2 protein chains.
Amino acid sequence: MLDVAYEILDAEGVDGLTVRGLAAKLGVAATAIYWHVGDKQALLDALVDRIIADVGEVEVHGTDPAERLVTIGRSLRNNLLAQPHLIALVHRQGRTPVMFLAAQRVVAEELESAGLRGAEAALGVHAFLRHVIGSVILERTEERAPEQRETVEELWSREDVPIDPELAARLAQPVDRDELFDFSLRTLVDALTGTNDSAHE
Amino acid sequence: MLDVAYEILDAEGVDGLTVRGLAAKLGVAATAIYWHVGDKQALLDALVDRIIADVGEVEVHGTDPAERLVTIGRSLRNNLLAQPHLIALVHRQGRTPVMFLAAQRVVAEELESAGLRGAEAALGVHAFLRHVIGSVILERTEERAPEQRETVEELWSREDVPIDPELAARLAQPVDRDELFDFSLRTLVDALTGTNDSAHE
DNA sequence: ACCTGAACACCGTTCAAGT
DNA sequence: ACCTGAACACCGTTCAAGT
């Protein structure tokens, strides 16, 4: 039954998953759901638990800690982007922070082998995860948003823009999301681990 | 009429704002709404436009670009945190990215006076805003989430934790959100602007 | 031009009643 | 123990009809 709910959610999104629809697909009266799982709230909670277990696994590659952290970030991002409807539900349920937990440990290990300790390391762990997950959630909303291109272009093509024309031109265009994610992840990781090569062009 | 909708939203949250409820508060039939604004979708869009205008204003203080960027980030965060229901709606409507626009210009100026140009500056602008807004959105969900303290503590108090006990202890506790925001913002800004003093303890 | 009432197709949920 | 049907209180939305 949770399987069927999972299917509907993945295919039709959060709003497409209704108690009545689920019951229909199960060939059962709507009220039968209540006997098994309780509330719709309870249903969603059970689903979220399952999703978080699926999405928590991360891959780690590379030799030095900075490189390994970058691959962790990319892996997390890929997991999250792969199932947009699922993470939308997790976020709607206010359980996004729990998605951190699975990855916290592995991030902590890497920051430690980069030499961080105690309070600084703890802040680093949270900063890393918050940046990754926050970025991905924003990416997701960007994808499903009505592209407001006109507004942006208008903003940057006015005469009185006080900045470098090349910068203005670039800001008037859509950003390459992969490139941006890599850039900001790298910047943050380098800063956290103290790696100070600027050789990532 | 938008004023009343705004009030309801701010007081009761996204789910509390219904066409029928709004009509009742206006002393009018529910169907009258449709003549004036159209869909509920249209109603929400109009509300979002208004919210974005309110929240877009940022304050800038400080002398060097890094310091000024930090104050911009804090100011944005305060705006967003001040009206949780409103930003929840903006995010639900998929318009979160539009909240960037107002601040983009001022961030661009600061990065430019920090010496960044062209592609690097553009990436910097996006990285900065994505970090700030993503972080705040996650903070918000954390606040309204069911505190899963047990799970976290259990995770870090197990025997086989391979990391520094002090770090483990800190991760087992809730993080100070103000401190975390400042830390990560500062880290990112310093990295972006090339400021390399580690004198922010 | 502006508003109403009735009506429709949906929700989630409860509860007595059936097997 | 498991499921059904009827019923309730809600939604958003349409449309003919009123002034």
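Bear in mind the structure is a predicted one, so any value in this text is a computation, not a measurement. Lettering follows sequence order; numbering is per chain, from 1. Hydrogens, waters and symmetry mates are skipped; everything else that's a heavy atom, side chains included, is used.
- Side-chain nitrogen and oxygen atoms of His36(A) include at least one within less than 4.0 Å of the OP1 or OP2 phosphate oxygen of dC3(D).
- At least one donor-acceptor pair under 3.5 Å links the side chain of Asp176(B) to the backbone N or O of Glu179(B).
- Both tests hold for Arg77(A) against Phe181(A): distance to the six-membered ring centre under 6.0 Å, angle to the ring axis within 45°.
- Atom CG in Leu22(B) sits about 15 Å away from atom C1' in dT13(D), given to the nearest Å.
- Using a 3.5 Å distance cut-off with no hydrogens or angles, the side chains of Asp45(B) and Gln93(B) do pair a donor with an acceptor.
- Under a 3.5 Å cut-off, the side chain of Arg68(B) and the backbone N or O of Gly62(B) do form a donor-acceptor pair.
- The neighbour count for Glu59(A) CD, taken as heavy atoms of other residues, nucleotides or ligands under 6.0 Å away, does not exceed 12.
- At whole-Å resolution of the value, CH2 in Trp35(B) and P in dG12(D) are 21 Å apart.
- No donor-acceptor distance shorter than 3.5 angstrom exists from the side chain of Asp164(B) to the backbone of Glu112(A), with no hydrogens or angles considered.
- One atom, OH of Tyr34(A), and another, P of dT13(C), lie 4 Å apart when rounded to the nearest Å.
- Side chains of His131(B) and Ser135(A): a donor-acceptor N/O pair is absent below 3.5 angstrom, by distance only.
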Handout entry: Dot-bracket encoding of pairs in DNA chain C, which uses [ ] for pseudoknotted crossings and | for another strand, Watson-Crick or G-U under 3.5 angstrom
Key = ||.|||||...|||||.||
Only pairs under 3.5 Å count here: list side-chain donor-acceptor contacts from residues 16-28 of chain B, not counting sequence neighbours, and write none if there are none.
from, atom 1, to, atom 2, distance (Å)
Thr18(B), OG1, Arg20(B), N, 3.3
Thr18(B), OG1, Gly21(B), N, 2.7

Exercise for the section: Can you check each nucleotide of nucleotides 5-11 of chain D against protein heavy atoms at under 4.0 Å and return B for base, S for sugar-phosphate only, - for none, in 5' to 3' order? Expected result: BBB---B
